[in-house]
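Below is one structure, written out as structure tokens; the observations come after it.
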Amino acid sequence: MDTVVSGIRPTGELHLGNYFGAIKNFIKLQETHKCFFFIADVHSLTTHLKNEKLYENTLKIVATYLACGLDYNKVAIYRQSDVPEIFELYTYLNMLAYKGELERCVTFKEKAKKQPDNINAGLLTYPVLMTADIIIHKANKVPVGKDQEQHLEMARNFVSRFNRIFNIDFFPLPHPYSFDDDLIKIPALDGTGKMGKSENNAIYLTDDVNIIQKKVLKAVTDSGPTEPFQSMSEPIKNLFTFLKIFASENDYNYFLNEYNSCKIKYSELKYFLAEKINNFVQPIREKIFEFFENKNFLEKILNEGKEKARSSAIKTLLEVKKIIGFKI
Ligand code: TRP
């Protein structure tokens, strides 16, 4: 059975982009793969070492994963910081990761620009820790977005270097697991790119009906079509993408006809969309709050996840120490 690892930094609420970009696919993967889905709380320290919300944000992700349908009997949901074996492996991997290649990493360069007063060693070795996260379970598939592909390429370099140095075919090469056709890209509401936290255009899975309506009503539009079958501007295309995801085909066709015959009222479309999006978010939102109230239960899930992750990690680390030549 293939093994899958994916991590998410606990930076706050999760949004519809997270749901359709990752979580929805995790729910499918849990049926067919050995899955390790963890919260990369240590990675998050590379940008915010002091963070009062670290624990709360970690629990929020667990609550959200469960609310969306991840089954803790099928997958391991755990905190990176609960698995010390990851950090020991990270130390060994640091001896074969070179300064030059780490400095060339695009995300490192971007972060260094963003936080010039805090270009810490953890930031530089971020891809090394990420490699340890993955190979501690000897995983071969990593479901991540495009922005993480360079990290995975680096992980493959470190892994093949390890295997070459010790002349052993021990770690499998981790490849990005792409969902291809399955991947629904949630657009931004401000008319550009995809939905993301940083752009401040996201609908969160915890947003209530009023907030959702406010956000959707604020979505960028244009001045409307002036001739039949006029091609759509980017922001209008985005609204239709939302319709495709959250409304029925009939409703989609109704608004498309309205557009093509220049009768469309964008406000009608937006009110309609807001309602449909809320219908989708509401049951998830309610479950998130329910789980979040029950901290003991979330702790229990994290504990079980920790046990599963550690039992896999301990095995790998023991092998690694033997390969390196420690007397075990
Ligand atoms: N770097 C990833 C991100 O920012 C998070 C992450 C950490 C991760 N370790 C990982 C993802 C291991 C996949 C596998 O999104």
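The analysis underlying the following values was restricted to heavy atoms, covering all of them including side chains, and did not include hydrogens, waters or symmetry mates. Each ligand, and each atom within it, is numbered from 1 in the order the structure gives. Since the structure is predicted, the reported quantities are computational estimates derived from the model, not experimental observations. Numbers here simply count residues along the sequence, with the first being 1.
Nearest non-hydrogen protein atom to atom 3 (C) of ligand 1 is Q148 NE2, 3.3 Å. Among all protein heavy atoms, the one lying closest to atom 12 (C) of ligand 1 is M130 CG, 3.7 Å. Atom 6 (C) of ligand 1 has as its closest protein heavy atom G7 O, 3.7 Å. Looking at atom 1 (N) of ligand 1, its nearest protein heavy atom turns out to be Y126 OH, 2.7 Å. Of the protein's non-hydrogen atoms, the one nearest atom 9 (N) of ligand 1 is D133 OD2, 2.7 Å.
Within 6.0 Å of atom NZ in K315, 12 or fewer heavy atoms from other residues, nucleotides or ligands are found, so the atom counts as exposed in its surroundings.
Aromatic ring centres of F255 and F240 lie farther apart than the 6.0 Å criterion allows. Taking the six-membered ring for Trp and the full ring otherwise, Y126 and Y90 have centroids separated by 6.0 Å or more. A centroid separation of 6.0 Å or more is found between the aromatic rings of F272 and Y254.
Checking only distances, S6 never comes within under 3.5 Å of ligand 1, N or O to N or O. Annotation: H151 places no N or O atom under 3.5 Å from an N or O atom of ligand 1; distance criterion only.
Residue contact check: V142 has heavy atoms under 4.0 Å from atoms 13 (C), 14 (C) of ligand 1. Here is the list of ligand 1 atoms found below 4.0 Å of a heavy atom in H43: 7 (C), 9 (N). The distance from ligand 1 to the heavy atoms of V144 drops below 4.0 Å at these ligand atoms: 11 (C), 13 (C).
The residues K215 and D207 are annotated as salt-bridged, a charged nitrogen and a carboxylate oxygen being separated by less than 4.0 angstrom.
Considering F158, F162, Y92 as possible partners of F171, the one that fulfils the ring-ring contact (aromatic ring centres under 6.0 Å, His included) test is F162.
Of the heavy atoms in L129, none comes closer than 4.0 Å to ligand 1. Residue-level proximity to ligand 1 for F38 is carried by the side chain, the only part with a heavy atom below 4.0 angstrom. When non-hydrogen atoms are compared, ligand 1 lies under 4.0 Å from neither the backbone nor the side chain of Q80.
With no hydrogens or angles considered, no side-chain donor-acceptor pair links N157 and E101 at under 3.5 Å.
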*asked:* Run the ring-ring contact (aromatic ring centres under 6.0 Å, His included) test on F20 and F280 for me, step by step, so that the C-alpha distance in whole Å, both residues' side-chain angles and the decisive distance to 0.1 Å come before the verdict.
replied: CA-CA 12 Å; F20 286 98; F280 174 84; 5.5 Å; yes
_Full working for salt bridge (Lys or Arg N to Asp or Glu O under 4.0 Å) between K321 and E88_ = CA-CA 10 Å; K321 291 179 81 169; E88 189 174 339; 3.2 Å; yes
